[in-house]
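Okay, structure first, notes after.
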Amino acid sequence: MTDPLSAALKIAGSGLEAQSTRMRIVSENIANARSTGDTPGADPYRRKTITFGSELDKVSGAQVIEVEKLGFDKSDFIEEYDPGNPAADERGVVKMPNVNVLIEMGDMRETNRTYEANLQTIKQTRDMISQTISLLKASQ
Amino acid sequence: MNPIQLFELASRQAEWLSVRQQVVAGNIANASTPKYLAKDITPFSAVLDNTAMVQHMAVTQPGHMASNDISADNIDIEESELNDEIGIQESGNSVAISEELSKTGEIKRQHELNTSLMSSFHRMMLMTVKR
(Lines give C-alpha, C1' and ligand atoms only; values in the text may rest on other atoms or scores of the structure.)
Protein backbone atom coordinates (compact mmCIF):
# COMPACT_ATOMS: atom_id res chain seq x y z
CA MET A 1 0.00 0.00 0.00
CA THR A 2 1.26 3.45 -0.82
CA ASP A 3 1.14 6.52 1.35
CA PRO A 4 -2.42 7.05 2.63
CA LEU A 5 -2.18 10.81 2.21
CA SER A 6 -1.33 10.65 -1.48
CA ALA A 7 -4.08 8.04 -1.86
CA ALA A 8 -6.47 10.52 -0.22
CA LEU A 9 -5.43 13.15 -2.74
CA LYS A 10 -6.04 10.71 -5.56
CA ILE A 11 -9.49 9.74 -4.25
CA ALA A 12 -10.57 13.35 -3.82
CA GLY A 13 -9.25 14.11 -7.30
CA SER A 14 -11.34 11.31 -8.77
CA GLY A 15 -14.32 12.77 -6.91
CA LEU A 16 -13.71 16.14 -8.56
CA GLU A 17 -13.58 14.51 -11.97
CA ALA A 18 -16.80 12.57 -11.38
CA GLN A 19 -18.63 15.68 -10.21
CA SER A 20 -17.49 17.70 -13.21
CA THR A 21 -18.81 14.99 -15.54
CA ARG A 22 -22.10 15.20 -13.63
CA MET A 23 -22.10 18.97 -14.13
CA ARG A 24 -21.62 18.43 -17.87
CA ILE A 25 -24.67 16.17 -17.99
CA VAL A 26 -26.74 18.71 -16.03
CA SER A 27 -25.77 21.52 -18.39
CA GLU A 28 -26.56 19.36 -21.43
CA ASN A 29 -30.00 18.66 -19.99
CA ILE A 30 -30.71 22.31 -19.20
CA ALA A 31 -29.43 23.53 -22.57
CA ASN A 32 -31.66 21.04 -24.36
CA ALA A 33 -34.73 21.62 -22.18
CA ARG A 34 -36.70 22.84 -25.24
CA SER A 35 -35.04 20.85 -28.07
CA THR A 36 -37.70 19.22 -30.20
CA GLY A 37 -37.27 16.77 -33.07
CA ASP A 38 -36.70 17.89 -36.67
CA THR A 39 -39.54 16.09 -38.47
CA PRO A 40 -43.26 16.02 -37.58
CA GLY A 41 -43.93 13.64 -34.67
CA ALA A 42 -40.20 12.96 -34.10
CA ASP A 43 -38.86 12.27 -30.63
CA PRO A 44 -37.25 15.27 -28.91
CA TYR A 45 -34.08 15.34 -26.75
CA ARG A 46 -34.17 12.66 -24.07
CA ARG A 47 -32.90 13.56 -20.58
CA LYS A 48 -29.50 12.02 -19.73
CA THR A 49 -28.65 10.47 -16.38
CA ILE A 50 -25.35 9.61 -14.71
CA THR A 51 -24.46 6.89 -12.20
CA PHE A 52 -21.30 6.62 -10.11
CA GLY A 53 -19.54 3.56 -8.80
CA SER A 54 -16.46 3.07 -6.66
CA GLU A 55 -13.59 1.15 -8.14
CA LEU A 56 -10.30 -0.15 -6.81
CA ASP A 57 -7.30 1.62 -8.26
CA LYS A 58 -4.77 -1.19 -8.60
CA VAL A 59 -1.65 1.00 -8.48
CA SER A 60 -2.40 2.84 -5.22
CA GLY A 61 -4.87 0.38 -3.68
CA ALA A 62 -7.34 3.21 -3.15
CA GLN A 63 -11.09 3.07 -3.69
CA VAL A 64 -11.50 5.76 -6.33
CA ILE A 65 -14.83 6.88 -7.76
CA GLU A 66 -15.66 6.61 -11.42
CA VAL A 67 -18.55 7.32 -13.72
CA GLU A 68 -20.21 3.94 -14.03
CA LYS A 69 -22.90 4.58 -16.57
CA LEU A 70 -24.31 7.36 -18.69
CA GLY A 71 -27.93 6.51 -19.33
CA PHE A 72 -31.18 7.97 -20.51
CA ASP A 73 -34.25 8.89 -18.52
CA LYS A 74 -36.94 6.57 -19.89
CA SER A 75 -39.89 8.60 -18.63
CA ASP A 76 -42.56 9.91 -21.05
CA PHE A 77 -42.13 13.08 -23.06
CA ILE A 78 -44.25 16.11 -22.27
CA GLU A 79 -46.85 16.83 -24.96
CA GLU A 80 -47.68 20.40 -25.87
CA TYR A 81 -50.25 21.73 -28.30
CA ASP A 82 -48.42 23.94 -30.81
CA PRO A 83 -49.62 23.48 -34.42
CA GLY A 84 -47.18 26.06 -35.79
CA ASN A 85 -44.13 24.10 -34.68
CA PRO A 86 -42.26 22.19 -37.43
CA ALA A 87 -42.16 19.14 -35.15
CA ALA A 88 -45.93 19.07 -34.60
CA ASP A 89 -47.77 15.92 -35.72
CA GLU A 90 -51.15 15.85 -37.51
CA ARG A 91 -53.01 16.59 -34.25
CA GLY A 92 -50.87 19.71 -33.73
CA VAL A 93 -49.13 18.15 -30.70
CA VAL A 94 -45.37 18.59 -30.18
CA LYS A 95 -43.32 16.22 -28.01
CA MET A 96 -41.16 18.21 -25.60
CA PRO A 97 -38.07 16.79 -23.79
CA ASN A 98 -38.66 15.05 -20.43
CA VAL A 99 -36.39 17.56 -18.69
CA ASN A 100 -37.60 19.21 -15.50
CA VAL A 101 -35.47 22.32 -15.06
CA LEU A 102 -36.17 22.40 -11.30
CA ILE A 103 -34.78 18.89 -10.87
CA GLU A 104 -31.73 19.82 -12.92
CA MET A 105 -31.19 22.91 -10.75
CA GLY A 106 -31.36 20.77 -7.61
CA ASP A 107 -28.88 18.36 -9.14
CA MET A 108 -26.61 21.25 -10.03
CA ARG A 109 -26.62 22.52 -6.45
CA GLU A 110 -25.79 19.07 -5.14
CA THR A 111 -22.96 18.71 -7.65
CA ASN A 112 -21.61 22.05 -6.53
CA ARG A 113 -21.66 21.10 -2.85
CA THR A 114 -20.01 17.74 -3.43
CA TYR A 115 -17.33 19.37 -5.58
CA GLU A 116 -16.64 21.85 -2.78
CA ALA A 117 -16.40 19.05 -0.23
CA ASN A 118 -13.86 17.20 -2.36
CA LEU A 119 -11.87 20.39 -2.85
CA GLN A 120 -11.82 20.93 0.92
CA THR A 121 -10.44 17.40 1.40
CA ILE A 122 -7.66 18.13 -1.07
CA LYS A 123 -6.76 21.36 0.72
CA GLN A 124 -6.62 19.71 4.12
CA THR A 125 -4.64 16.72 2.92
CA ARG A 126 -2.15 19.06 1.27
CA ASP A 127 -1.85 21.01 4.53
CA MET A 128 -1.19 17.79 6.44
CA ILE A 129 1.59 16.85 4.02
CA SER A 130 3.21 20.27 4.27
CA GLN A 131 3.02 20.14 8.09
CA THR A 132 5.03 16.93 8.02
CA ILE A 133 7.53 18.45 5.62
CA SER A 134 7.91 21.56 7.78
CA LEU A 135 9.07 19.29 10.62
CA LEU A 136 12.28 18.98 8.67
CA LYS A 137 12.55 22.70 8.00
CA ALA A 138 12.11 23.79 11.63
CA SER A 139 14.87 21.65 13.07
CA GLN A 140 17.96 23.34 11.66
CA MET B 1 18.60 0.75 19.36
CA ASN B 2 15.24 1.38 20.87
CA PRO B 3 13.28 4.11 19.21
CA ILE B 4 12.60 7.09 21.41
CA GLN B 5 9.22 6.19 22.81
CA LEU B 6 7.60 9.57 22.43
CA PHE B 7 8.56 9.91 18.79
CA GLU B 8 7.45 6.38 18.06
CA LEU B 9 4.04 7.09 19.56
CA ALA B 10 3.75 10.34 17.61
CA SER B 11 4.65 8.75 14.31
CA ARG B 12 2.16 5.97 14.96
CA GLN B 13 -0.57 8.52 15.55
CA ALA B 14 0.45 10.44 12.42
CA GLU B 15 0.12 7.24 10.43
CA TRP B 16 -3.28 6.51 11.95
CA LEU B 17 -4.42 10.05 11.09
CA SER B 18 -3.31 9.74 7.47
CA VAL B 19 -5.12 6.41 7.06
CA ARG B 20 -8.22 8.02 8.53
CA GLN B 21 -7.88 10.95 6.14
CA GLN B 22 -7.76 8.49 3.24
CA VAL B 23 -10.95 6.77 4.41
CA VAL B 24 -12.78 10.08 4.91
CA ALA B 25 -11.66 11.28 1.46
CA GLY B 26 -13.14 8.06 0.05
CA ASN B 27 -16.42 8.74 1.82
CA ILE B 28 -16.65 12.29 0.49
CA ALA B 29 -15.76 11.25 -3.06
CA ASN B 30 -18.45 8.57 -2.91
CA ALA B 31 -21.09 10.91 -1.52
CA SER B 32 -23.29 10.26 -4.55
CA THR B 33 -22.47 6.63 -5.33
CA PRO B 34 -25.52 4.38 -5.06
CA LYS B 35 -25.42 1.72 -2.31
CA TYR B 36 -22.18 3.09 -0.81
CA LEU B 37 -22.01 2.83 2.99
CA ALA B 38 -19.82 5.31 4.89
CA LYS B 39 -16.66 3.83 6.38
CA ASP B 40 -14.45 4.67 9.32
CA ILE B 41 -11.38 3.14 10.97
CA THR B 42 -10.82 1.66 14.41
CA PRO B 43 -10.13 4.29 17.09
CA PHE B 44 -6.51 5.10 17.85
CA SER B 45 -6.72 3.75 21.41
CA ALA B 46 -7.83 0.35 20.08
CA VAL B 47 -4.98 0.33 17.57
CA LEU B 48 -2.57 1.17 20.35
CA ASP B 49 -3.89 -1.61 22.60
CA ASN B 50 -3.69 -4.11 19.78
CA THR B 51 -0.10 -3.34 18.90
CA ALA B 52 0.98 -3.33 22.54
CA MET B 53 -0.25 -6.91 22.93
CA VAL B 54 1.57 -8.21 19.87
CA GLN B 55 4.47 -10.35 21.03
CA HIS B 56 7.72 -9.68 19.26
CA MET B 57 9.23 -12.58 17.44
CA ALA B 58 12.16 -14.07 19.27
CA VAL B 59 15.42 -13.18 17.58
CA THR B 60 18.73 -14.88 18.16
CA GLN B 61 20.69 -12.08 16.56
CA PRO B 62 19.95 -8.36 16.52
CA GLY B 63 20.37 -8.21 12.74
CA HIS B 64 17.51 -10.61 12.13
CA MET B 65 14.22 -9.60 10.60
CA ALA B 66 12.24 -7.51 13.05
CA SER B 67 8.48 -7.56 13.19
CA ASN B 68 7.26 -4.22 11.99
CA ASP B 69 4.63 -3.20 14.49
CA ILE B 70 4.21 0.24 12.97
CA SER B 71 2.19 -0.53 9.91
CA ALA B 72 -1.19 0.19 8.47
CA ASP B 73 -2.02 -3.51 8.75
CA ASN B 74 -3.37 -3.30 12.26
CA ILE B 75 -5.66 -0.39 11.42
CA ASP B 76 -8.98 -1.88 10.41
CA ILE B 77 -11.56 -0.24 8.19
CA GLU B 78 -15.11 -0.77 9.36
CA GLU B 79 -18.53 0.57 8.51
CA SER B 80 -19.18 3.75 10.44
CA GLU B 81 -22.27 3.91 12.59
CA LEU B 82 -25.33 5.32 10.96
CA ASN B 83 -26.08 9.02 11.37
CA ASP B 84 -29.69 9.00 12.61
CA GLU B 85 -30.46 12.44 11.28
CA ILE B 86 -29.59 11.61 7.69
CA GLY B 87 -29.89 7.83 7.66
CA ILE B 88 -29.68 5.89 4.42
CA GLN B 89 -30.73 7.90 1.41
CA GLU B 90 -33.06 6.77 -1.34
CA SER B 91 -30.09 5.54 -3.39
CA GLY B 92 -28.80 3.34 -0.56
CA ASN B 93 -25.99 5.79 0.28
CA SER B 94 -25.22 6.61 3.92
CA VAL B 95 -22.60 9.38 3.61
CA ALA B 96 -23.33 12.58 5.56
CA ILE B 97 -21.10 15.21 3.96
CA SER B 98 -21.29 17.57 6.94
CA GLU B 99 -20.11 14.84 9.28
CA GLU B 100 -17.27 13.83 6.97
CA LEU B 101 -16.12 17.44 6.61
CA SER B 102 -16.06 17.91 10.36
CA LYS B 103 -14.02 14.71 10.56
CA THR B 104 -11.42 16.04 8.12
CA GLY B 105 -11.22 19.24 10.15
CA GLU B 106 -10.62 17.25 13.30
CA ILE B 107 -7.99 15.09 11.58
CA LYS B 108 -6.18 18.17 10.36
CA ARG B 109 -6.23 19.75 13.81
CA GLN B 110 -4.90 16.60 15.44
CA HIS B 111 -2.20 16.31 12.81
CA GLU B 112 -1.18 19.90 13.40
CA LEU B 113 -0.93 19.25 17.14
CA ASN B 114 1.05 16.09 16.47
CA THR B 115 3.61 17.74 14.21
CA SER B 116 4.04 20.82 16.42
CA LEU B 117 4.55 18.63 19.48
CA MET B 118 7.13 16.60 17.60
CA SER B 119 9.04 19.66 16.48
CA SER B 120 8.97 21.24 19.93
CA PHE B 121 10.22 18.05 21.59
CA HIS B 122 12.88 17.79 18.95
CA ARG B 123 13.94 21.35 19.70
CA MET B 124 14.13 20.53 23.40
CA MET B 125 16.31 17.50 22.72
CA LEU B 126 18.62 19.54 20.52
CA MET B 127 18.91 22.11 23.30
CA THR B 128 20.25 19.49 25.69
CA VAL B 129 22.78 18.29 23.15
CA LYS B 130 24.02 21.65 21.95
CA ARG B 131 25.55 22.97 25.14
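Residue numbering restarts at 1 for every chain, and letters A, B, ... go by the order of the sequence lines. Any value given below was found using the heavy atoms of this structure, including those in side chains, with hydrogens, waters and symmetry copies removed.
With a 4.5 angstrom heavy-atom cutoff, A/Ala18 does not touch chain B via any of its atoms. Only the side chain of A/Thr51 comes within less than 4.5 Å of a heavy atom in chain B; its backbone stays farther off. For A/Gln124, the parts lying near chain B are the backbone and the side chain together; criterion is any non-hydrogen pair under 4.5 Å. Heavy-atom distances place both the backbone and the side chain of A/Asn118 under 4.5 Å from chain B.
With hydrophobic clusters built from ILVMFWY side chains whose heavy atoms lie under 4.5 angstrom apart, A/Phe52 does not share a cluster with A/Met108. In the hydrophobic cluster analysis, where Ile, Leu, Val, Met, Phe, Trp and Tyr join through side-chain heavy atoms closer than 4.5 angstrom, B/Val24 is grouped apart from A/Leu56. Linking ILVMFWY side-chain heavy atoms closer than 4.5 Å, directly or via other members, places A/Leu102 and A/Ile30 in two distinct hydrophobic clusters. Neither A/Ile103 nor A/Val101 shares a network with the other; the hydrophobic side chains, linked directly or stepwise wherever heavy atoms of I, L, V, M, F, W or Y lie under 4.5 Å apart, form separate groups for each. Taken together through direct or relayed side-chain contacts under 4.5 Å among Ile, Leu, Val, Met, Phe, Trp and Tyr, A/Leu119 and A/Ile129 form part of one hydrophobic cluster.
Chain A forms the most heavy-atom pairs under 4.5 Å with one residue out of B/Lys35, B/Gln21, B/Met118, and that residue is B/Gln21. Chosen from B/Leu101, B/Leu17, B/Ile28, the residue pairing most often with chain A at heavy-atom distances under 4.5 Å is B/Ile28. Among A/Ala7, A/Ala8, A/Ser14, A/Ala12, the residue with the largest count of heavy-atom pairs under 4.5 Å with chain B is A/Ala8.
How far CD of B/Glu15 is from CG of A/Asp3: 9.0 Å, rounded to the nearest 0.5 Å. Here the CD-OG1 distance, from A/Gln120 to B/Thr104, works out to 6.5 Å after rounding to the nearest 0.5 Å. The NE2 atom of B/His111 sits 10.0 Å away from atom OG1 of A/Thr125, with the distance rounded to the nearest 0.5 Å. The distance from the CD atom of A/Gln131 to the OG atom of B/Ser119 is 10.5 Å, given to the nearest 0.5 Å. For the atom pair CD1 (A/Ile65) and CG (B/Asn27), the distance works out to 11.5 Å, reported to the nearest 0.5 Å.
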* To do: I would like to know whether B/Ile97 and A/Arg113 meet side chain to side chain contact (heavy atoms under 4.5 Å, CB included); could you show each step before the answer?
  => CA-CA 9 Å; B/Ile97 288 199; A/Arg113 295 284 166 268; 5.6 Å; no
* **From CA spacing to verdict: side chain to side chain donor-acceptor pair (under 3.5 Å), B/Ser32, A/Gln19** => CA-CA 9 Å; B/Ser32 36; A/Gln19 294 306 324; 3.2 Å; yes
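Of all non-hydrogen atoms in B/Gly26 and A/Ile11, the two that sit nearest each other are CA-CG2, 3.4 Å. Between A/Ser54 and B/Asn30, the closest heavy-atom pair is CB-OD1, 3.3 Å. Listed here is the closest heavy atom pair of B/Thr33 and A/Gly53: CG2-CA, 3.6 Å. The two residues B/Ala29 and A/Gly15 come nearest to each other via the heavy atoms CB-CA, 4.0 Å.
Between A/Leu135 and B/His122, every side-chain heavy-atom pair lies at or beyond the 4.5 Å cut-off.
Sparse packing is recorded around CD of A/Glu17, with 12 or fewer heavy atoms of other residues, nucleotides or ligands lying under 6.0 Å away. With a 6.0 Å radius and a threshold of 12 heavy atoms from other residues, nucleotides or ligands, B/Phe121 has its CZ atom at or below the threshold.
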